[in-house]
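Have a look at the structure below before the remarks.
Proteins get letters first, then strands, A, B, ... in listed order; numbering begins at 1 in each.
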2 protein chains.
Amino acid sequence: MVAQINGSVVKAFEILKLFSAGRTIISAADVMAELGVNAVTAHRFLKTLEHVGALVAVDRGRYRLGFLFADLAERLLDGGSLAGILQPVLNALTGRLGEASMATLFRADKVVCIARAVPDRPVLVDIRVGSELEAWCTAHGKLWLAHLPEKELDAYFSRVDPRAFTGATITGEAALRAELERVRREGFAENRGEREDTLHAIAVPLFSGSGRMITGLSVFGPVARLSGEAAATALAHLKHAAEDLHRSLDAPR
Amino acid sequence: MVAQINGSVVKAFEILKLFSAGRTIISAADVMAELGVNAVTAHRFLKTLEHVGALVAVDRGRYRLGFLFADLAERLLDGGSLAGILQPVLNALTGRLGEASMATLFRADKVVCIARAVPDRPVLVDIRVGSELEAWCTAHGKLWLAHLPEKELDAYFSRVDPRAFTGATITGEAALRAELERVRREGFAENRGEREDTLHAIAVPLFSGSGRMITGLSVFGPVARLSGEAAATALAHLKHAAEDLHRSLDAPR
DNA sequence: CAAGCTTATTACAATATAAGATATATAAAT
DNA sequence: ATTTATATATCTTATATTGTAATAAGCTTG
């Protein structure tokens, strides 16, 4: 670790981190009070952040976040970019468990596979990157639905008519809502042959620092191999992987 | 303007701006080459940005953007936050033109009004913040549809069955697609009595630095007042407002 | 596996920059 | 209109930052 960290940069980001869900405007007085710096220094940092596009002045001495962050976040969350971050994690999971794994995004009512790893087995279950799956009958899909804002979930149910793929598919709206409630409560989702009779999957969410779901991670394989003890083991590893990702990707507190 | 800008912070953001759509990984060599700094200095800045959560090390000396930006962007783009930025702009537009104006987001196939200004007139057309409108027959909606990624537009048409509200409503998919092509080409959308017989609206998009549509801005009013010369004037003002917003919110180049 | 090359880190010194103090200007509140 | 609070400009000084040199670590090639 390089010994010398640049204090000015650290302080600039401390200012940026003063913004929160309930706090969209920051003033020089806030910076002075909360970071313990001199008034002139506070003004200098705010002006510098404005200069680079990180802040926008809205009133005298009062600032909002600048659109630079929308651009940087888009570059961060672009599917290809995110896949690059997730691929080593999936490789490690599949290496450890001997079962396929994948990560998804949620687009236009469908779950989209953005990265996957396949085990070194002669016969295996696989999925192609870019494939789209229905949400109501997949572990990933139920995870995404469980973490949609209420209005968006209502809209989903008003547009989508869930049909049965197997005897295990949950199709009724009330039954699905109950299942999503269970997914929220337990923190993971399972596909017990709901999309294909013999396929089992377990998925966990990855959240951003502010609680929005960024991606899902899952392990999947034949029911015969992925149940009971093996399923519990897979869940533990998935949770670990999500925690490690969260820790390595999130801002230090 | 405070004379003294903090050079270290400026340089740190220059590093962050090296990331682009096609470039998701930055190395110390890149920083040296493109910012003309010493190798030790480049490593120090990269380590500092990693320390604050702005970057994440993926390999030896190679970095990706950190999840901090997802959080900051969420705080930036939160509807309430965005509305606060847009409200003065709408107030100015409505003050200048004497017609109502509004800004929207696109959620779950619907256009959602997040901010609006009403003119000082005894009888006027208004809309409530939070109201949702269909996309195919509103200026805002056609704007959002025109700038959806192709796959998302296909999915929209597979889910939504446009119906006629007035004699002017465009309902056929082919005709709508042609209309969206025209909106893309001309850079603005019009609602010529497609949702309500007597109502005319003109909308322009606001894009982020990387080209994604952030919000729409429109002016609307009765056809009798908002046509011909008045419509052209309104369009000019809308474009000006969008350009000013883009300039004031975007990162300086 | 070893040697050579490249990249990363550490320690040190110099200096340029940043921070604080003070004074002045501007804006807001009374 | 006056007073108070905030923002900016200027100056000085201390320190944090930068570059250099040396060392360590990692990668590539034979």
Side-chain angles (χ1 to χ4, degrees), chain A residues 1-19 23-66 84 87-88 91-92 248 252, chain B residues 1-19 23-66 84 87-88 91-92 248 252:
Chain A
M1 171 58 132
V2 88
Q4 200 189 333
I5 293 288
N6 189 304
S8 296
V9 174
V10 170
K11 206 159 284 171
F13 276 87
E14 280 173 359
I15 293 174
L16 293 174
K17 288 169 187 171
L18 293 178
F19 290 94
R23 189 186 210 177
T24 62
I25 288 193
I26 292 294
S27 68
D30 295 328
V31 174
M32 286 170 61
E34 296 183 47
L35 302 190
V37 295
N38 178 276
V40 185
T41 303
H43 279 286
R44 285 198 190 100
F45 273 107
L46 290 168
K47 285 293 183 183
T48 303
L49 287 166
E50 183 186 10
H51 175 81
V52 301
L55 295 182
V56 172
V58 294
D59 271 321
R60 186 168 170 271
R62 291 161 89 240
Y63 297 84
R64 290 184 173 276
L65 288 168
Q87 193 61 58
N91 292 346
S248 74
Chain B
M1 170 61 131
V2 89
Q4 193 182 319
I5 294 285
N6 190 302
S8 296
V9 173
V10 170
K11 207 161 281 172
F13 276 88
E14 280 173 359
I15 294 174
L16 294 173
K17 289 170 187 171
L18 293 177
F19 289 94
R23 190 186 209 175
T24 60
I25 290 193
I26 292 293
S27 68
D30 295 326
V31 174
M32 286 170 61
E34 296 184 47
L35 302 189
V37 294
N38 178 275
V40 185
T41 302
H43 280 284
R44 282 198 193 101
F45 273 108
L46 290 167
K47 286 292 183 183
T48 305
L49 288 166
E50 183 186 10
H51 174 81
V52 300
L55 295 181
V56 171
V58 293
D59 272 321
R60 187 168 168 269
R62 290 162 88 242
Y63 297 85
R64 290 181 174 278
L65 287 169
Q87 191 61 56
N91 292 344
S248 74

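- With sequence neighbours excluded, no residue forms a side chain to side chain donor-acceptor pair (under 3.5 Å) with B/Thr41.
- Atom pair B/Glu50:CD and C/dT9:C1' shows a separation of 14 Å (rounding to whole Å applied).
- Under the rule for a ring-ring contact (aromatic ring centres under 6.0 Å, His included), B/Phe19 has no partner lying at least two apart in sequence or in another chain.
- Axis orientation changes by 60° from one end of the helix from C/dC1-D/dG30 to C/dT30-D/dA1 to the other, with each end axis drawn from 5 pairs and the value rounded to 10°.
- When rounded to the nearest whole Å, the span between CG of A/Leu46 and P of C/dA19 equals 12 Å.
- Distance, A/His43 NE2 to D/dT8 P: 6 Å, rounded to whole Å.
- In terms of the side chain to side chain donor-acceptor pair (under 3.5 Å) criterion, residue partners of A/Gln87 (sequence neighbours excluded) are, by chain and number, A/Asn91.
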Evaluation steps, side chain to side chain contact (heavy atoms under 4.5 Å, CB included), between A/Leu65 and A/Leu55:
CA-CA 5 Å; A/Leu65 288 168; A/Leu55 295 182; 4.3 Å; yes
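- Legend: side-chain hydrogen bond (donor to acceptor under 3.5 Å, both in side chains) pairs involving residues 27-40 of chain A, not counting sequence neighbours, sorted by first then second residue: A/Arg23-A/Glu34, A/Ser27-A/Asp30.
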Using a cut-off of 4.0 Å between protein heavy atoms and nucleotide atoms, how would you tag nucleotides 10-24 of chain D 5' to 3' with B, S and -?
B------BBBBB---
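- Judged as a side-chain hydrogen bond (donor to acceptor under 3.5 Å, both in side chains), the pairs with a partner in residues 7-16 of chain B (not counting sequence neighbours) are, in order, A/Asn6-B/Ser8.
- Put simply, CG on A/Leu35 is 12 Å from P on C/dG20, counting in whole angstrom units.
- Heavy atoms of A/Ala28 sit under 4.0 angstrom from primed sugar atoms or phosphate atoms, though from no base atom.
- Scanning for side-chain contact (heavy atoms from CB on, under 4.5 Å) contacts around B/Ala33 gives an empty result, with sequence neighbours left out.
- Distances shorter than 4.0 Å separate none of the side-chain N or O atoms of A/Lys47 from OP1 or OP2 on D/dA7.
- Not counting sequence neighbours, the partners of B/Arg62 by the salt bridge (charged side-chain N to carboxylate O under 4.0 Å, His left out) test are B/Asp59.
- The interatomic distance linking A/Arg62 (CZ) with C/dA28 (P) rounds to 11 Å, in whole Å.
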